[in-house]
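Accompanying notes for the structure given below.
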Amino acid sequence: MSEVTLRFDGHEKKVAIGTPFLDVIKSLGKLKETIAVQVNGQPRDLPSRVESDADVTLITFDSPEGKEIYRHSSSHLMAQAVKEVFPSAKMTIGPAIEEGFYYDFDFERPFTPEDLDKIEAKMTEIVKRDLPISRMELSKEEAVKLFQQRGEPYKTELIEEIDTPPISAYQQGDFIDLCTGPHVPSTGKIKAFKLISSAGAYWRGSEKNKMLQRIYGTSFPRREDLDAHLKKLEEIKKRDHRKLGKELDLFSISDEIGPGLVLWHPNGAIIRKTLEDFWREAHVKAGYELVFSPHIARLDLWKQSGHLQFYKENMYAPMDIDGMPFELKPMNCPFHIMIYKSHLRSYRDLPFRWAELGTVYRYERSGVLHGLLRVRGFTQDDAHLFCRPDQIESEILKVLDFTTFVLKTFGFDSYDIYLSTRPEKFVGSPERWEQATAALESALKQKGLAYQIDPGEGVFYGPKIDMKIKDVLGRSWQCTTIQVDFNLPERFGITYRGEDGREHQPIMIHRALMGSIERFFGILIEHYAGAFPTWLSPVQAKVLPITERQRDYAGQIQQRLRGAGIRCALDDRNEKVGLKIREAQLMKVPYMLVVGDREAADQTLSVRNRAGESTTMTLEELQKKILDEIATRVG
RNA sequence: GCUGGCGUAGCUCAGUCGGUAGAGCAGCUGACUUGUAAUCAGCAGGUCGGGGGUUCAAUUCCCUUCGCCAGCUCCA
């Protein structure tokens with residue numbers, strides 16, 4: 001029998017051709033954690049056999065590939081269980097996703113939580129059977145026949161579209177699913193799993209197709225990892241900005257006003273005001289100028305901008321004013337362009353950086369509205385830069401610096417960045433696209449920011465950089481977008497007088513850092529779990545006198561702190577201090593200032609923070625501490 | 001928009017297999033003068049999301065409409 005050499009990371013091993021990788025891994029003592037192998041870069045099942053000399057990497061759950069395989073095998077396990085419990089369910093597709101997996105079934109009714117329990121119990125049983133999972137390869141005809149026999153029409157539809165034979169399928173017990181693999185070697189490998197939810201989903205994601213029943217689940221090799229994940233889901237629930245928004249009295253959305261329209265209560269409004277002040281001040285410091293624009297404009301403006309053509313489905317019906325149609329604005333850009341157009345512009349003037357907290361209204365389908373994260377009226381932290389083509393790169397560099405500064409202020413320092421390039425339908429010349437895309441890319445590189453290219457995902461009018469921030473729970477949120485626009489300058493015919501005395505067309509860059517104030521606020525609520533840093537907290541300190549005897553002293557403290565610019569409240573009700581503390585704590589007030597006879601006598605404060613730690617300090621010390629936290633925006 | 005679920009007091013939630021509803025918290029009133037996450041007592045509070053239908057009778061059953069939630073799709 002001939003031998004070949006397998007090269008593992010750091011060592012080699014000679015094995016006989018035809019040996020299953022399973023045996024090789026077993027001999028290395030790594031069978032337990034190994035899910036599959038990569039042979040010369042190709043993922044393979046453990047039961048597959050050694051064919052030739054090769055570089056072999058062990059795939060474990062710790063790698064993204066490992067997770068994918070593990071979850072995909074989990075989805076097969078679930079599908080097998082569903083077929084055993086509900087034989088009439090037709091299988092469709094069931095991939096691994098970010099934090100788990102799902103499988104879509106065509107079933108006569110939605111699955112209930114009780115169904116999920118039954119399915120989960122069946123999964124446990126199948127895991128106990130520890131069925132070997134084996135790969136089979138079939139011709140297209142064989143595959144179609146097989147799944148026809150098994151009564152799986154969706155599978156045969158999928159097979160019909162595959163034109164790279166052979167077609168592979170995986171079998172465990174008498175369950176067979178169409179799949180490219182690889183998979184874990186047996187059902188017993190799936191250790192800890194949980195079915196999370198079920199909901200409708202369209203066949204192939206199109207609402208024209210039949211609604212299928214999707215079951216979401218997740219799985220881990222170790223029980224404690226599953227528990228940690230479930231705990232995180234709990235934590236996410238607890239942080240839901242809609243729940244905290246109500247509890248902390250930050251905002252509301254009223255039926256009587258309409259869906260997707262936000263009321264900012266005083267507690268939310270003061271946070272917004274603080275955010276906006278910070279935003280404006282930072283922009284002025286970064287060389288922007290502030291502008292304002294109206295909420296409606298003549299329909300003709302939107303015709304000229306092209307919004308009426310390209311953005312119609314997000315715009316509201318026009319209103320009639322003195323026989324003239326006007327339109328509620330879905331964007332701010334045309335207004336800023338009109339500011340540009342109000343003068344003759346010279347190349348010496350460029351770039352212009354005009355920023356506006358511009359409130360826009362967009363029609364969103366009712367099913368997509370979601371708290372503050374998806375609304376119909378919102379304020380963009382918008383800016384438009386008008387520059388010469390040779391200034392694109394330096395402007396983008398500045399925007400990137402500025403963005404990271406702004407986001408860091410809120411503790412967002414980890415991003416996923418996407419560079420979207422020219423789509424199939426586009427305006428402007430390919431050369432311009434190339435130039436602008438290169439400028440964006442070069443700026444990202446100079447800043448040392450890691451990014452991914454999203455080919456063809458640019459907007460029709462120009463390439464863009466999108467940044468997703470990662471919150472404290474590791475969830476990502478799309479906020480920042482930086483878009484080059486060749487279209488609007490063209491449509492509005494804006495120009496500047498060049499060095500050569502001729503008219504040139506400026507480049508326009510749209511950018512929003514937070515995206516929208518509403519959405520960003522929603523993200524912040526969840527990010528901070530409602531416990532805002534001192535500079536943002538609606539109430540920064542609350543004086544809690546123990547009895548009526550300390551009323552005067554408490555009042556003086558409040559006045560002093562208020563006078564220093566600190567948002568300080570006073571709870572002088574005839575209540576026990578335990579209750580006052582409880583309420584202030586639930587409202588997540590950063591500093592609770594307990595004053596009793598002792599403090600009044602010593603002219604001190606018993607300062608309790610949100611963590612429940614108390615220290616005694618003087619008013620001066622506390623004031624300095626709070627002012628310092630406000631100034632540095634930490635704490 | 002689609003599919004499913006839900007809508008009962010300011011909030012969180014019970015309940016009625018059809019006979020017009022109940023708790024805790026919040027609110028109000030009173031007592032208590034209080035030491036680091038809930039003092040006690042009393043009172044009041046709901047055309048059971050809106051409209052229509054079936055019925056002697058609807059919060060309950062049916063239809064419709066609005067809104068919310070989850071998912072799909074789409075996006076700041």
Side-chain angles (χ1 to χ4, degrees), chain A residues 102 104 107 109-113 196-216 237 240 242-243 246-247 249 252-260 311 313-314 330-332 358 360 362-382 459 466-468 477-481 483 510-523 544-551 572-587 592-599 606-610 612-616:
Chain A
Y102 69 78
D104 286 347
F107 192 49
R109 59 174 176 84
F111 292 109
T112 63
I196 306 283
S197 61
S198 64
Y202 300 102
W203 170 234
R204 299 180 172 222
S206 166
E207 61 196 50
K208 293 191 186 83
N209 291 338
K210 182 156 188 191
M211 174 74 66
L212 307 172
Q213 300 305 326
R214 174 172 299 179
I215 302 176
Y216 285 94
K237 249 193 207 156
D240 190 312
R242 293 165 300 187
K243 184 170 172 281
K246 202 180 275 179
E247 287 169 6
D249 199 13
S252 64
I253 293 169
S254 148
D255 296 13
E256 281 127 303
I257 291 169
Y311 207 67
E313 61 277 22
N314 287 293
M331 292 195 188
N332 303 301
V360 297
R362 299 182 184 173
Y363 172 71
E364 297 287 352
R365 306 213 290 175
S366 61
V368 307
L369 298 172
H370 182 89
L372 293 176
L373 300 181
R374 195 75 181 277
V375 294
R376 284 182 174 158
F378 58 96
T379 300
Q380 290 185 301
D381 68 316
D382 210 358
V459 205
D466 285 330
M467 291 174 64
K468 286 189 180 175
W477 306 93
Q478 151 98 66
C479 293
T480 305
T481 181
Q483 310 183 347
H510 310 249
R511 49 106 284 195
L513 308 183
M514 304 176 185
S516 84
I517 305 281
E518 283 75 4
R519 183 180 162 77
F520 197 70
F521 183 41
I523 294 166
L544 312 177
I546 290 171
T547 71
E548 246 168 29
R549 289 191 298 280
Q550 298 88 35
R551 253 199 180 157
D572 59 1
R573 294 173 303 169
N574 282 337
E575 294 290 354
K576 291 194 169 180
V577 74
L579 181 84
K580 297 183 184 186
I581 287 174
R582 177 182 157 79
E583 292 187 357
Q585 183 81 40
L586 289 174
M587 291 305 280
M592 289 158 262
L593 318 179
V594 178
V595 292
D597 286 333
R598 287 203 299 272
E599 287 76 14
S606 173
V607 180
R608 186 188 209 271
N609 65 17
R610 285 182 288 211
E613 302 151 350
S614 297
T615 46
T616 300

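Note on naming: letters A, B, ... go to the chains in the order of the sequence lines (proteins, then strands), and numbering restarts at 1 for each one. Values below: every heavy atom of this structure, side chains too, minus hydrogens, waters and symmetry copies.
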Can you check the distance between [N] and [M], where both ends of the measurement are the [atom1] atom (answer in whole Å)?
| N | M | atom1 | value |
| --- | --- | --- | --- |
| B:C2 | B:A44 | P | 46 Å |
| B:G30 | B:A70 | C1' | 47 Å |
| B:U39 | B:C32 | C1' | 7 Å |
| B:G46 | B:C11 | P | 14 Å |
| B:G51 | B:U47 | C1' | 13 Å |
| B:A26 | B:C68 | P | 29 Å |
| B:C43 | B:U34 | P | 29 Å |
| B:A31 | B:G49 | C1' | 40 Å |

Residues A:Glu583, A:Arg573; criterion side-chain contact (heavy atoms from CB on, under 4.5 Å); working and verdict = CA-CA 12 Å; A:Glu583 292 187 357; A:Arg573 294 173 303 169; 2.8 Å; yes
Whole angstrom value for the distance that separates [atom2] of [N] from [atom1] of [X]:
| X | N | atom1 | atom2 | answer |
| --- | --- | --- | --- | --- |
| A:Glu583 | B:U34 | CD | P | 19 Å |
| A:Arg204 | B:G71 | CZ | P | 24 Å |
| A:Ile581 | B:U39 | CD1 | P | 11 Å |
| A:Leu369 | B:A70 | CG | P | 11 Å |

Which one, [options], comes nearest to the side chain of [X]?
| X | options | result |
| --- | --- | --- |
| A:His370 | B:A70, B:G71, B:U12 | B:A70 |
| A:Asp597 | B:G35, B:U34, B:C75 | B:G35 |
| A:Pro259 | B:G1, B:A76, B:G67 | B:G67 |
| A:Asp255 | B:G67, B:A76, B:C72 | B:G67 |
| A:Asn574 | B:U33, B:U39, B:G35 | B:U33 |
| A:Arg374 | B:C74, B:G4, B:C2 | B:C74 |
| A:Arg365 | B:A76, B:G1, B:G4 | B:G1 |

Residue mapping more 5' on RNA chain B - nearest nucleotide basis, A:Val607 or A:Arg242 | A:Val607
Would you check if A:Phe378 stacks with the base of B:A76, given a 5.5 Å centroid limit and a 30° plane limit, both strict?
-> yes
Counting only distance, no hydrogens or angles, is the base of B:A38 paired donor-acceptor with the side chain of A:Arg582 under 3.5 Å?
-> yes
Mark yes or no for a side-chain to base donor-acceptor pair under 3.5 Å between A:Glu599 and B:G35, with no hydrogen or angle criteria applied.
-> yes
Just checking [X]: base, sugar-phosphate only, or nothing, at a heavy-atom cut-off of under 4.0 Å?
| X | value |
| --- | --- |
| A:Glu518 | nothing |
| A:Leu579 | sugar-phosphate |
| A:Gly578 | sugar-phosphate |
| A:Gln478 | sugar-phosphate |
| A:Tyr216 | sugar-phosphate |

Does A:Met514 reach the side chain of A:Phe521, with side-chain heavy atoms less than 4.5 Å apart?
-> no
